[in-house]
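Data first, discussion second: the structure below is written as structure tokens.
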Number of protein chains: 2
Amino acid sequence: MFSKTCEYALRATIFIAQKTKEGERIGIKEIAKGIDSPEHFIAKILQDLSRKGIVQSAKGPNGGFYLDKASMKQSIADIVKAVDGDKVFQGCGLGLKQCSETEPCPIHHEFKRIRKQLFVMLDKSKVGAFTEALENSLTFLKR
Amino acid sequence: MFSKTCEYALRATIFIAQKTKEGERIGIKEIAKGIDSPEHFIAKILQDLSRKGIVQSAKGPNGGFYLDKASMKQSIADIVKAVDGDKVFQGCGLGLKQCSETEPCPIHHEFKRIRKQLFVMLDKSKVGAFTEALENSLTFLKR
DNA sequence: ATAATAAAAGATAAATTAGTCTTTTATTAT
DNA sequence: ATAATAAAAGACTAATTTATCTTTTATTAT
């Protein structure tokens with residue numbers, strides 16, 4: 001559904017949200033461990049997320065990644081859009097560029113309905129909302 | 001959502017279904033034109049679809065691709081599975097391999113619901129069912 | 001049998017995505 | 001000021017996906 005980069009981005013951001021709520025800034029190494037991702041790769045991704053304002057970062061001792069209030073309220077959909085673009089929310093299921101209401105592909109209408117539901121679901125899911133379940137080991141970000 | 005290969009495979013199969021209903025076998029060149037895909041690439045893809053029994057083919061003069069009765073009843077979901085595997089119907093939204101009912105990722109349950117709906121929709125969509133709308137230019141397979 | 005046709009097969013190339021490693025810059029505590 | 005820390009930046013490699021081109025095999029009509 002999403003690119004690997006996007007999957008790592010989502011896991012990392014949720015992980016950072018959790019740590020932020022615990023009052024910590026968190027370094028790349030711990031993030032990589034915490035979400036079971038290649039360290040250097042997640043570093044690249046976080047660099048990009050930081051540039052885009054999806055996560056916040058501080059250099060130097062006591063530095064690391066964290067989320068400010070606005071970032072905490074972001075939705076999964078926001079992150080997906082920022083990383084993979086909105087192809088998954090907008091694009092034609094059969095890959096047609098011109099596919100639209102007036103020139104629909106054979107599955108356009110049904111597909112649109114599903115995509116809409118996907119978007120609504122991901123848009124409702126706010127990054128800051130997963131902390132409690134993670135703390136209580138009801139949900140996981142590894143393996 | 002799907003790979004390019006899969007998108008072309010779906011368009012090609014629906015196109016072949018239409019031609020089959022018109023009583024024609026159809027060659028690679030016409031298919032490529034009919035679905036606006038690179039000719040050599042769709043040739044490769046059809047070769048694979050043919051091996052998998054998703055489309056039927058005949059070599060030599062008057063040869064070409066067509067669908068037998070069973071293939072005509074296949075669903076979009078069947079083709080997606082054959083080409084992209086069932087990652088899109090089964091896989092974790094955050095890319096976790098172990099994600100399951102007992103070890104769910106933070107969005108597991110909601111995601112599952114959407115994926116289910118996607119599957120049901122694509123499973124209901126039978127390859128042979130799109131012909132009429134295509135004939136009447138109510139739907140399209142190009143651009 | 002032969003020539004023409006059309007898919008199958010195979011080999012290669014280009015583009016994109018995923019992943020790694022090294023160097024630089026900014027920040028902090030001493 | 002200096003050393004330590006940690007992210008940012010940049011350069012590179014590997015793998016996968018997408019795409020192209022050539023040769024072979026099967027079939028049909030003459």
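In the text below, chain A, chain B and the rest are named by the order of the sequence lines, each starting its count at 1. Predicted model, so just to flag it, every value in this text is computed and none were measured.
Hydrophobic clustering of Ile, Leu, Val, Met, Phe, Trp and Tyr side chains at less than 4.5 Å, counting indirect connections, unites A:Phe130 with A:Leu141. In the hydrophobic clustering of ILVMFWY residues, with side-chain heavy atoms under 4.5 Å counting as a link, B:Tyr66 and B:Leu49 come out apart. There is no path of hydrophobic side-chain contacts, each under 4.5 Å, that joins B:Val83 to A:Leu96.
Where B:Tyr8 and A:Ser57 each meet DNA chain D at their nearest nucleotide, the meeting point lying more 5' is that of A:Ser57.
For B:Lys81 and B:Asp78, the salt-bridge test fails: no basic side-chain N is under 4.0 Å from an acidic carboxylate O. In this structure, B:Lys21 does not pair ionically with B:Glu132, as no charged nitrogen and carboxylate oxygen lie closer than 4.0 Å. In summary, B:Glu22 and B:Lys19 engage in a salt bridge, as defined by a charged side-chain N under 4.0 Å from a carboxylate O.
At whole-Å resolution of the value, CD in A:Gln47 and P in C:dT20 are 16 Å apart. The CZ atom of A:Phe41 sits 11 Å away from the P atom of C:dT17 (whole-angstrom rounding). Rounded to whole angstrom, the span from the CE atom of B:Met1 across to the P atom of D:dT17 amounts to 18 Å. Atom C1' of nucleotide C:dG10 and atom NE2 of B:His40 are separated by 13 Å, given to the nearest angstrom. In this structure, B:Lys4 places its NZ atom 11 Å from C1' of D:dT17, rounding to the nearest Å. Here the P atom of nucleotide D:dT20 and the CD1 atom of B:Ile28 are 14 Å apart, to the nearest Å. The NZ atom of A:Lys52 sits 19 Å away from the P atom of D:dA7 (whole-angstrom rounding). Between the P atom of C:dT17 and the CZ atom of A:Phe2 lies a distance of 16 Å, rounded to the nearest Å.
A:Ile42 comes within 4.0 angstrom of no nucleic acid atom, judged by non-hydrogen atoms across all strands. Note on B:Ile45: nothing from the nucleic acid sits closer than 4.0 angstrom, heavy atoms only. B:Lys44 comes within contact range of at least one nucleobase, with a heavy-atom separation under 4.0 Å.
For B:Phe140, the ring pair (Phe, Tyr, Trp, His ring centres under 6.0 Å) criterion is met by no residue, not counting sequence neighbours.
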Exercise. What string of B, S and - do you get for nucleotides 25-30 of chain C, 5' to 3', when a contact is any protein heavy atom under 4.0 Å?
Worked result: BBBBS-
For this session: Taking Watson-Crick and G-U wobble pairs with both distances under 3.5 Å, convert DNA chain D into its dot-bracket string, 5' to 3', dots for unpaired and | for cross-strand pairs.
Result: ||||||||||||||||||||||||||||||
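If you run side chain to side chain contact (heavy atoms under 4.5 Å, CB included) between B:Ile31 and each of B:Leu46, B:Ile45, B:Thr13, only B:Leu46 comes through.
Nearest to the side-chain atoms of A:Ser50 among the listed nucleotides D:dT18, D:dA8, C:dG10 stands D:dA8. Listed candidates were D:dA8, D:dT18, D:dA9. Nearest to the side chain of B:Ser3 is D:dT18.
The backbone N or O of B:Leu138 sits nowhere less than 3.5 Å from a side-chain atom of B:Asn136 that would complete a donor-acceptor pair. Between the A:Arg143 side chain and the B:Gln98 main chain, no donor and acceptor come within less than 3.5 Å of each other.
Dashed line: the shortest gap from a side-chain N or O of B:Thr5 to OP1 or OP2 of D:dT18 is under 4.0 Å.
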